[in-house]
Amino acid sequence: MPPDQNDTKQSTKRSLILAGGGMRLAYQGGVLMAIEEQQLKFDHIDGTSGGIFNAGMLASGLNAYEIAARWRTLNIKKFISYRPLKSYLNPLNMMGYADADSIRDVIFPELGIDIQKINAHKGADTTFNVCNFSDKSVESIDHKSATTDHLLAGVSLPIMMPGLKIGTQWFSDAVWIKDANLIEAVKRGAEELWLVWAIGNTETYLPGALNQYVHMIEMSANGGLLEEYDRIAMVNEKITSGQEAYGQKKPIKLFVIKPTLPLPLDPDLFFNKIDARSLINMGYAHTKKALKSMPEQGVPFDKEATKMSSPGNRLNIRSEFTGTLSQDEKKVNAQFYSYFVLSELDNITRLNIYSSFKMEDFEFEISCYNHEIKTFDKDGKHMFECTCSYIHSGEIYGLKATFSLNSAIDLMLGLEFKSVQIEVSKNPSKPMISGVLYQSAGQRIKNLFPNNTRKPDGTSGRISLKYKLATKLLTYAV
């Protein structure tokens with residue numbers, strides 16, 4: 001468990017470093033909820049590339065639950081606004097395949113990013129990193145002097161969006177130089193660096209133009225991070241030898257929160273093969289687990305800190321259940337959302353579930369954590385019993401969700417996941433809320449496209465692979 005997590009005097013100076021990752025950084029909404037529940041306080045927050053969205057929301061005064069709620073309801077397709085048609089007639093001479101108008105006019109307002117509130121922000125110092133293309137350097141813009149154009153430039157990835165001219169100089173996304181500005185945090189006196197990392201970092205080089213464009217970003221981002229590590233290692237060496245560096249007197253610690261597998265790429269989010277809700281639930285569950293086992297001394301400043309497992313073949317199944325549950329002899333409206341990820345790598349099959357829950361008296365939808373799965377057969381059906389926890393009004397509740405599956409063919413046709421049995425309790429032997437929620441036929445048909453297979457290179461699997469993985473799901477045993 002990290003030190004001083006409930007220290008209201010804030011004896012340890014901390015920086016929260018929100019690295020980039022595009023639209024999929026809805027994931028950070030879940031991370032922020034878990035961090036807020038842990039009562040970790042930060043003197044400084046730093047955003048780079050896609051991390052600018054979440055840093056901007058925090059500096060605009062939103063709490064983590066409000067941030068997650070805004071990501072859930074955001075129309076992801078509004079990220080793209082197209083350039084005049086004539087621009088596409090000469091694609092090799094375009095400044096970018098899209099422009100920033102929709103982000104400025106739609107995305108920022110819907111996410112609650114307000115530059116006036118950011119400039120007047122009285123909480124943690126917040127910095128936004130941009131690439132000064134004219135100087136080929138990274139500039140860290142303080143929230144007091146940031147402009148909307150700075151924030152837009154910080155998320156303007158070359159080829160995808162043109163850089164912005166601010167004054168006499170051009171600015172763009174900093175990811176090609178660095179995707180996380182740890183040194184800025186050190187300069188501001190941070191003794192603990194809390195890095196939220198979502199850029200892929202696996203060992204496999206994949207085929208295809210999209211994968212290789214992403215690989216270029218991964219190489220730049222991870223390579224820049226390793227150089228930051230080296231600089232901080234030298235700072236720590238000076239400190240341990242009795243010297244000061246950047247005004248620091250104590251060795252700097254690193255804490256990293258990351259996904260276990262690379263997150264789906266932005267096209268999957270844009271085409272609804274994953275949604276913001278599932279990413280938020282993943283970020284929350286991963287962070288709750290990471291905080292529980294986080295070593296007090298942090299993790300080494302080395303290449304393993306952001307490493308992720310190769311994904312292998314995956315089957316993703318998203319479901320949305322609604323209806324009424326019984327609570328104290330009355331009926332209450334409720335929703336339960338689940339996202340199953342079955343992965344197969346080196347003949348090892350793993351099943352993870354991410355979920356969230358909402359009842360009519362909840363102010364916000366609540367993500368769940370500590371998921372555990374048990375399987376058994378009953379009446380010719382394969383049953384999945386998922387137990388997890390959630391926190392509401394500071395209280396921890398246990399939730400049990402039980403699903404039944406009949407056949408791989410039914411699963412592929414959208415005929416499975418018709419219902420889920422829900423039990424909520426503080427005492428596992430005595431449920432206080434229970435009942436059955438249903439997924440309508442229309443919703444199951446709607447989810448046929450999102451319920452997809454992915455090969456290790458990120459491409460869609462054929463029907464044969466989907467059938468193979470669906471069969472593995474139906475025979476999965478714990």
* Is the distance between the ring centroids of Tyr27 and His286 less than 6.0 Å? -> yes
* Side-chain donor-acceptor contact under 3.5 Å, Asn281 with Ser367 -> yes
* **ring pair (Phe, Tyr, Trp, His ring centres under 6.0 Å) partners for Phe128, two or more places apart** => none
* Verify the neighbour count for atom CE of Met359: are there more than 12 heavy atoms of other residues, nucleotides or ligands below 6.0 Å? => yes
* **Tyr354/Tyr369 aromatic ring centres below 6.0 Å** => no
* Any luck finding a side-chain donor-acceptor pair between Tyr246 and Arg231 under 3.5 Å? -> yes
* To do: May I ask you to check whether Thr306 and Asn201 show a side-chain donor-acceptor distance below 3.5 Å?
  => yes
* In this structure, which one of Lys13, Lys249, Arg14, Lys250 forms a salt bridge (charged side-chain N to carboxylate O under 4.0 Å, His left out) with Glu191? -> Lys250
* Starting from the C-alpha separation in whole Å, work towards a yes-or-no answer on side chain to side chain donor-acceptor pair (under 3.5 Å) for Asn181 and Asp46. => CA-CA 7 Å; Asn181 200 342; Asp46 186 81; 4.9 Å; no
* Answer yes or no: does atom CD of Glu36 have more than 12 heavy-atom neighbours from other residues, nucleotides or ligands under 6.0 Å? => yes
* Any cation-pi pair here, Arg318 with Tyr339, using under 6.0 Å and within 45°? -> no
* Asked: Judged by modelled atom types alone, do His392 and Glu395 share a side-chain donor-acceptor pair under 3.5 Å?
  -> no
* Asked: Phe255 ring centre to Lys253 NZ or CZ under 6.0 Å, with the angle to the axis within 45°?
  -> no
* Name all pairs fulfilling the salt bridge (charged side-chain N to carboxylate O under 4.0 Å, His left out) condition that reach into residues 111-130, sequence neighbours left out, sorted by first residue then second. => Asp125-Lys144, Asp125-Arg188
* Ion pair check, Glu244 and Lys238, cut-off under 4.0 Å -> no
* To do: Establish, yes or no, whether the cationic atom of Lys358 lies under 6.0 Å from the six-membered ring centre of Phe364 and within 45° of the ring axis.
  => no
* Within 45° cone of Phe171 ring axis and under 6.0 Å: Lys165 NZ or CZ -> no
